[in-house]
Amino acid sequence: MIKGFIIIFIGLASGLVVGSGFVAFLTVLGIIPRLTQLSKTMKKIHSYEWAVIIGSVTGVLASLRDPKLGLSAYLLIPLGLTGGTFVGMTAAALTEVLNVIPILSKRIGLDGKIISLLMAIVLGKIFGSIFQWVYFIHQ
């Protein structure tokens, strides 16, 4: 019985630490305010916040249960696109905050060709994701 309480305590403590880190990450990057600013939907900021909370809780529950939804491949396409959009926006926000692109372009001598550098990064990400999905998922 004590072993069960210790496991429950460690699980809850670990969840709180990871959740706090995720919230701190989103707060430091300023993703939600920046997203509302870019999309001109400042009045809907609470909807964005609730979407992040519901998405996080749903992700945690899904990772604990390992659900089998039995959806068709056509319904999985929008889910994959939204998941990819979230990861891409998080990566873009991180690079914007850290000014990675301008520093990288100066270091490799592409000062006037930032568009070419961005297109190389985007196309590399797209082709790498497609290769990973086709080669590793379907084997």
Side-chain angles (χ1 to χ4, degrees):
M1 184 143 165
I2 293 176
K3 185 177 178 181
F5 285 126
I6 291 173
I7 290 172
I8 290 171
F9 176 76
I10 290 173
L12 287 173
S14 301
L16 286 172
V17 167
V18 170
S20 300
F22 180 69
V23 169
F25 181 69
L26 289 178
T27 303
V28 166
L29 292 180
I31 290 177
I32 295 174
R34 181 78 171 133
L35 187 60
T36 59
Q37 181 184 17
L38 290 174
S39 62
K40 296 181 176 99
T41 55
M42 294 295 275
K43 294 179 181 177
K44 306 244 182 215
I45 194 163
H46 294 296
S47 299
Y48 283 97
E49 291 168 349
W50 276 107
V52 170
I53 291 168
I54 291 169
S56 298
V57 170
T58 303
V60 167
L61 293 175
S63 69
L64 290 175
R65 299 258 182 201
D66 194 24
K68 306 235 183 315
L69 300 176
L71 299 174
S72 74
Y74 297 111
L75 289 175
L76 293 177
I77 292 171
L79 293 176
L81 287 173
T82 55
T85 302
F86 175 76
V87 170
M89 289 179 71
T90 305
L94 184 59
T95 57
E96 183 180 331
V97 167
L98 298 177
N99 291 327
V100 170
I101 304 295
I103 293 170
L104 178 66
S105 67
K106 286 179 185 175
R107 295 250 171 129
I108 61 176
L110 293 175
D111 290 341
K113 299 182 180 177
I114 291 182
I115 299 294
S116 300
L117 180 63
L118 287 174
M119 289 306 297
I121 291 170
V122 167
L123 292 175
K125 175 67 176 159
I126 290 171
F127 289 125
S129 297
I130 290 172
F131 174 76
Q132 190 264 342
W133 186 70
V134 169
Y135 186 76
F136 292 112
I137 305 280
H138 289 293
Q139 284 204 7

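Numbering of residues begins at 1 and proceeds along the displayed sequence.
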Which heavy atom of Met42 sits nearest to which heavy atom of Gln37, and what is that distance?
SD-N, 3.8 Å
Mind checking whether Trp50 and Ile45 sit in one hydrophobic cluster, side chains of I, L, V, M, F, W, Y counted as touching below 4.5 Å?
no
With rounding to the nearest 0.5 angstrom, report the CG to CG distance, Leu76 to Leu81.
11.0 Å
Can you hop from Val57 to Leu79 via hydrophobic side chains spaced under 4.5 Å?
no
Interatomic distance, CE@Met119 vs CD1@Ile126, rounded to 0.5 Å, equals 7.5 Å
Linking I/L/V/M/F/W/Y whenever their side-chain heavy atoms sit closer than 4.5 Å, directly or via other members, would Ile77 and Val134 fall into one cluster?
no
Identify the two heavy atoms, one from Thr36 and one from Pro33, that lie closest to each other, and give their separation to 0.1 Å.
OG1-O, 2.7 Å
Ile2-Ile10 co-clustered via ILVMFWY side chain contacts under 4.5 Å:
yes
Can you get from Tyr48 to Ile53 by hopping between Ile, Leu, Val, Met, Phe, Trp and Tyr side chains that sit under 4.5 Å apart?
no
